[in-house]
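These notes concern the structure reproduced below.
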Amino acid sequence: MKYFHEQIEAKWQKYWAENQTFAAQNNSEKPKYYVLDMFPYPSGAGLHVGHPLGYIASDIVARYKRHKGFNVLHPQGYDSFGLPAEQYAIQTGQHPEKTTKENIARYREQLDKIGFSFDWSREVRTSNPDYYKWTQWIFIQLFESYYCKQADKAFPISELVKVFEAEGNANVDLVCDDGVELFTAAEWNAFSSEKQQEILLQYRLTYLAETEVNWCPALGTVLANDEIVNGVSERGGHPVIRKKMTQWSMRISAYAERLLQGLETIDWSESIKESQRNWIGKSVGASVTFQVSSSKFQVEVFTTRPDTIFGVTFMTLAPEHELVSQITTPEQKAAVEAYVEATAKRSERERMADVKTISGVFTGAYAEHPFTNEPIPIWIGDYVLAGYGTGAVMAVPCGDERDYAFANFFKGKEGMPEIKNIFNQDISEAAFAEKSGFELVNSDFLNGLDYKSGTKKAIEELEKIKGGKAKVNYRLRDAVFSRQRYWGEPFPVYYVNGMPQMIDAKHLPIILPEVEKYLPTEDGQPPLGNATHWAWDVEKLRVTSCELIDNKTVFPLELNTMPGWAGSSWYWMRYMDAHNENEFASQDALNYWENVDLYIGGSEHATGHLLYSRFWNKFLKDRGFITPEEPFKKLINQGMILGMSAFVYRFYTIPMMGKKATGNFEDVVSRSFTSNIFVSKKLADQFENETYDTDLWSKIMKILNQQIELANSNLKEKESKFTQFTNFKTIPYHVDVNLVNSSDEISLNQLQNWMPEFNNAIFIDENGIETDKIIVGREVEKMSKSKYNVVNPDDICNQYGADTLRLYEMFLGPLEQAKPWNTAGITGVSGFLKKLWRLYFDDNGLIVTNDEPTAEMYKSLHKTIKKVTEDIENFSFNTSVSQFMICVNELAQLKCNHRKILEPLAILVSPYAPHIAEELWSQLGHKGSVSTVAFPVFEEKYLVESEKEYPVSFNGKMRFTIKLPLDLTAAQIEEIVMTDERTQTQLQGRTPNKVIIVPGKIINLVG
RNA sequence: GCGGGUAUGGUGAAAUUGGUAGACACGCCAGACUUAGGAUCUGGUGCCGCAAGGUGUGAAGGUUCGAGUCCUUUUACCCGCACCA
């Protein structure tokens, strides 16, 4: 009986689906284990072999934990709102819902082929109304909450109203917008309800405010900070500009400290934690207030070096700072305005790109030093960022390189005094930016102190004179939550006189309206502005036609939609109780499953999804909906599987750039001639490095020039001819990697079948002679359709089987490491499965006997049990596969066909290769699935050895081995070793100075 | 600039607390069988060397009887943040 994966795999996949083998129960005697994958965005391209890597790893853990007696929750779903579906809709007019559904069907088909043990009965799709109903609900909860700094948690806004009614807001310590006005209880109670609403909005955890946002004109939407990479949009790489817009924001900054502290309690990779720490960007220091001379204005700065307060030489404000226009003197007005305008014109990216150019302008105004009352000139400079701290700095050139550079650049100009040095250090060449190794001088009461004591003392003194206080600053900004897109969650919000009102939760979901086109409206409204049925009737409590808007009973609805991260910030909770219509999940389910024990996904979500999820989790905990502080206890980032691209190399000519060359570069390039000559990497390299011989060169030139002549003869009269150039290069040309899986050669025929553009191609071999086969070049790149290096898991499953795919993906290397895919190596694991099968079957059928196995067989099995158990616990899946191979090789050698060995072996293999394991299990005569059978338990007794092959080293160099009983003492070992003739040969009569014997390990003779 | 990570044969990679470097595979070489297949099986394979032997984990130094592993210095590459006050 031979092993045919085709029959086995389909059969068991069907069995699992029909029997709901992996459906998790929400209560059980067993301990719970929640293992989660980052759910995919279903793109039109389908899965490639990189996508399932993490899913295979998590599936192995899920299956293992079931064997170990856990009640395992292992769900899967789709993050199905998103930009690609919308852009496709814009191009084709197809409803995103339709394409999304099609893509999901394709994904599901591909996933099913790999044999995952997902509990599909709990599938979620973020774009389904019964899911986003609860995303909207959470938004409402955030709106109805505020954050109390003292209690360090969120509370219902209704409680805040009570506080305001009783005592106003002067004595409360709450997270809110900058510059909220102070009021007493009496004043509050006298405010109109509109005014009260306006004030409350400044405290809500999601709020509507005019803020500087990242506007991406090409995408027609705002983006969150984490959606921008190097000043351009993460998707598409479009430029992003700053723009003031009224937008919904999430007050994630309220949670900055808890998000930072929580990192200490979770088992995540150091790099992700570090990314989050960077993103949160905590810095401890002080805020200092400087009075602007002879004016009512004050400038507040944040500094991490209050100890350098006496070194303040000038101050710098960001060009966008609100005081700039108010404090500038008439004499400086023109210069300042010109500078501000020039800066505003530059994009964020430009400013980032040229950080070395120093620019700035003096405002003419002075501030007073809080201790010395000395005048301090106030400058504007674009090295100060409006978005960080207060957008203003106290410049201490002696201790800060940027201030130092700025001071030197404007040295001698009006308003730039001599640098004050407050360190007992030389600053003639550069600033002294160290935080240790100095003593403060010229610093009044700080003289003689160091960084630590000086900081403490300076803050104390500042507090005494009310000139400043200790302050912790965070880089983390509130997250913009509005997107000007169609394919996202609509807000449950309507507007009465411009003030946002929440729709009562019992009317949710507010379903995404139909629109005729998915682009913004002509007057610049988001796509939902195209909807005709998008108004809220407060009497009938339903969405109604926009024509009925009268701002009395029918009001306009919010036109923005939620960002992509909304739906993914809580989905792991929905899996716990995916079909609950009354709650986002029942209390019982939430209490039972708590949080995710193991989360596997890519590291690209470090500062996006993973931070927002922690934020929402903490919020929902504060409001008593859930109990865990953190959503994901352990996180593993699978490395990217890279594609092995294959290239042939094509000649093209470069026109001589000399006197004759006319026109710009593009013109010249357009006159270059791309030939149909393809060569191997080896030859291409020779031409790149100009190490070819002249003979070869002239042969190729001949063919090339023939082609040029031919091309010229086919040109129309007016077209300019290609000249016979003498200068040529090769360009790499991607060919489909699937054409060259098992060999490095590609034939002309293969290429012509693959793509018609190769019909006139000529291959040239290393001797300059036409050939029909050349060796391709290889390079590792990210897998992508355009690079023709995508390997489809379906193809692997069809050819080798899902079990082979699963084993091979694990066998490639450590899970967290990026690694190139190379299908050539797959025969190793494919052969392993065949070998495994042959332990159980010969040509006639099952050969398993009930005979008692030998000690060696037990040893092989138990070694494997031990190794595989440890490996899974340590997520070291690649070494497990090696161990399986070792075990099967050993058992085959031992001709083992013993049930007592082969039965546990089938269970051991089942997390990795579940289909073959199920088949073996059932062929061994068992009913039901192997997936819940107890995992074999390792027993030490089978591994106990009586002898050890000792390595014998001389001066640390291993010379020979000697087999000795393990119960010998060191002295006995020494005696035997010393009398061994090989020892005598090595020593050549010398006596060792020292003999080191570690029983059970090594023998080392020194001297 | 700051922070995180990686570096071992032709290739992917193993190596618990420091204890026989290169397990397991791919590839390659040789052979067996054969219905000549990209099947199966056996042996070999870090490098130099006929061998004895030498040498070898990015580089240099150190600790140790013994270092891929620990310490110091350094180089290259990858990732994150970045005029963050």
>> Looking at A:Glu322, I want to see if its CD is surrounded by more than 12 non-hydrogen atoms of other residues, nucleotides or ligands under 6.0 Å.
In response: no

>> Is a donor from one side chain sitting under 3.5 angstrom from an acceptor on the other, for A:Asn473 and A:Ser283?
In response: no

> Given side chains that start at C-beta, do those of A:Asn874 and A:Thr879 come closer than 4.5 Å, heavy atoms only?
Replying inline: no

>> In terms of relative ring orientation, are A:Trp837 and A:Tyr3 parallel, tilted or perpendicular, with 30° and 60° separating the classes?
In response: tilted

> Taking only residues two or more places apart in sequence or in another chain, which ones pass salt bridge (charged side-chain N to carboxylate O under 4.0 Å, His left out) with A:Lys782?
Replying inline: none

> Taking syn as any angle within 90 degrees of 0 and anti as the rest, which one fits B:G37?
Replying inline: syn

> For A:Glu401, does the CD atom have more than 12 heavy-atom neighbours from other residues, nucleotides or ligands under 6.0 Å away?
Replying inline: no

> If the P atom of B:C47 is compared with that of B:U35, how far apart are they to the nearest Å?
Replying inline: 36 Å

> Does A:Ser953 put a side-chain nitrogen or oxygen below 4.0 Å from OP1 or OP2 of B:C65?
Replying inline: no

>> Testing the 3.5 Å rule here: is there a donor-acceptor pair between the side chains of A:Ser359 and A:Tyr339?
In response: yes

> What would the secondary structure line of RNA chain B be in dot-bracket form, counting Watson-Crick and G-U wobble pairs under 3.5 Å, with [ ] for pairs that cross earlier ones and | for pairs with another strand?
Replying inline: (((((((..(((......[....)))((((((.......))))))(((....)))..(((((..]....))))))))))))....

>> Please pick, from B:G27, B:A85, B:G80, the nucleotide with the shortest atom-to-atom distance to any side-chain atom of A:Thr827.
In response: B:G27

>> Can you measure A:Arg402 atom CZ to B:G1 atom P for me and round it to whole angstrom units?
In response: 15 Å

> Pick one for B:G68: is it syn, with its angle within 90° of 0, or anti?
Replying inline: anti

>> Can you confirm whether A:Val384 sits close enough to A:Leu317 that some side-chain heavy atom of one is under 4.5 Å from a side-chain heavy atom of the other?
In response: no

> If each of A:Met394 and A:Val881 is mapped to the nucleotide of RNA chain B with the nearest heavy atom, which maps nearer the 5' terminus, i.e. the 5' end?
Replying inline: A:Val881

>> Students often get this wrong, so: under 4.0 angstrom with heavy atoms, is A:Ser269 touching a base, only sugar-phosphate, or nothing?
In response: nothing

> Between A:Glu434 (CD) and B:G1 (C1'), how many Å, whole number?
Replying inline: 13 Å

>> Is it the case that the side chains of A:Ser953 and A:Asn1004 hold a donor-acceptor pair, with the cut-off being a distance below 3.5 Å and no angle test?
In response: no

>> Test ring-ring contact (aromatic ring centres under 6.0 Å, His included) on A:Phe410 and A:Phe314; report intermediate values, then the result.
In response: CA-CA 11 Å; A:Phe410 291 107; A:Phe314 60 99; 8.7 Å; no

>> Please give the distance between the P atoms of B:G9 and B:G53 as a whole number of Å.
In response: 25 Å

>> Generate the contact string for nucleotides 44-56 of chain B. Rules: B means base contact, S means sugar-phosphate contact only, - means no protein heavy atom under 4.0 Å.
In response: ----------SS-

>> If I take atom NZ in residue A:Lys994 and atom P in nucleotide B:G66, what distance separates them, rounded to the nearest angstrom?
In response: 9 Å

>> What's the closest nucleotide to the side chain of A:Ala824 if the choices are B:C26, B:C81, B:A85?
In response: B:C26

>> Counting only side-chain heavy atoms from C-beta out, which of B:A85, B:G4, B:A23 sits nearest to A:Glu274?
In response: B:G4

> Would you call A:Tyr808 and A:Thr823 a side-chain contact if the rule is heavy atoms closer than 4.5 Å?
Replying inline: no

> According to the salt bridge (charged side-chain N to carboxylate O under 4.0 Å, His left out) rule, which pairs have a member within residues 268-281 of chain A, sequence neighbours left out?
Replying inline: A:Glu264-A:Arg277, A:Glu270-A:Arg277, A:Glu274-A:Arg277

>> Need one value for A:Asn473: base, sugar-phosphate or nothing, where a base atom within 4.0 Å counts as base even if backbone is also close, heavy atoms only.
In response: nothing

> To the nearest angstrom, how far is A:Trp837 atom CH2 from B:A39 atom P?
Replying inline: 21 Å

> Say you pick atom P in B:G56 and the same atom in B:G68; how far apart are they, in whole Å?
Replying inline: 10 Å

> What interatomic distance, in whole Å, is found between P of B:G12 and the corresponding atom of B:U63?
Replying inline: 35 Å

>> Just the rounded figure in Å: distance from C1' of B:A25 to OH of A:Tyr808.
In response: 9 Å

> When the C1' atoms of B:U73 and B:C78 are considered, how many whole Å apart are they?
Replying inline: 22 Å

> Expressed in whole Å, how much space separates the C1' atoms belonging to B:U74 and B:C83?
Replying inline: 29 Å

>> Using OP1 and OP2 only, check whether a side-chain N or O of A:Arg838 sits under 4.0 Å from B:C41.
In response: yes

> Reckon A:Asn637 has a side-chain N or O less than 4.0 Å from the OP1 or OP2 of B:C79?
Replying inline: no

Name the atoms and distances for all side-chain donor-acceptor pairs under 3.5 Å in residues 886-893 of chain A, with sequence neighbours left out.
residue, atom, partner, partner atom, Å
A:Asn889, OD1, A:Lys835, NZ, 2.8
A:Asn889, ND2, A:Met885, O, 3.3
A:Glu890, OE1, A:Ser860, OG, 2.6
A:Glu890, OE2, A:Lys863, NZ, 3.1

> Which whole number of Å gives the distance between the C1' atom of B:U64 and that of B:U69?
Replying inline: 13 Å

> Picking from B:G4, B:U20, B:C81, which would you name as closest to the side chain of A:Asn278?
Replying inline: B:C81

> Which one, B:C81, B:G80, B:C26, comes nearest to the side chain of A:Ser275?
Replying inline: B:G80

> When all nucleic acid strands are considered with a 4.0 Å heavy-atom cut-off, which category describes A:Met885: base, sugar-phosphate, or nothing?
Replying inline: sugar-phosphate

>> By the 4.0 Å heavy-atom rule, please label A:Lys2 as base, sugar-phosphate, or nothing.
In response: nothing

>> For a quick check, with a 4.0 angstrom heavy-atom cut-off, what is the B/S/- contact string for nucleotides 12-19 of chain B, read 5' to 3'?
In response: BSS--B-B

> side chain to side chain contact (heavy atoms under 4.5 Å, CB included) with A:Asn408: which of A:Asp403, A:Ile419, A:Ile358?
Replying inline: A:Ile419

> Using atom P of each nucleotide, how far apart are B:C71 and B:G5 to the nearest Å?
Replying inline: 13 Å

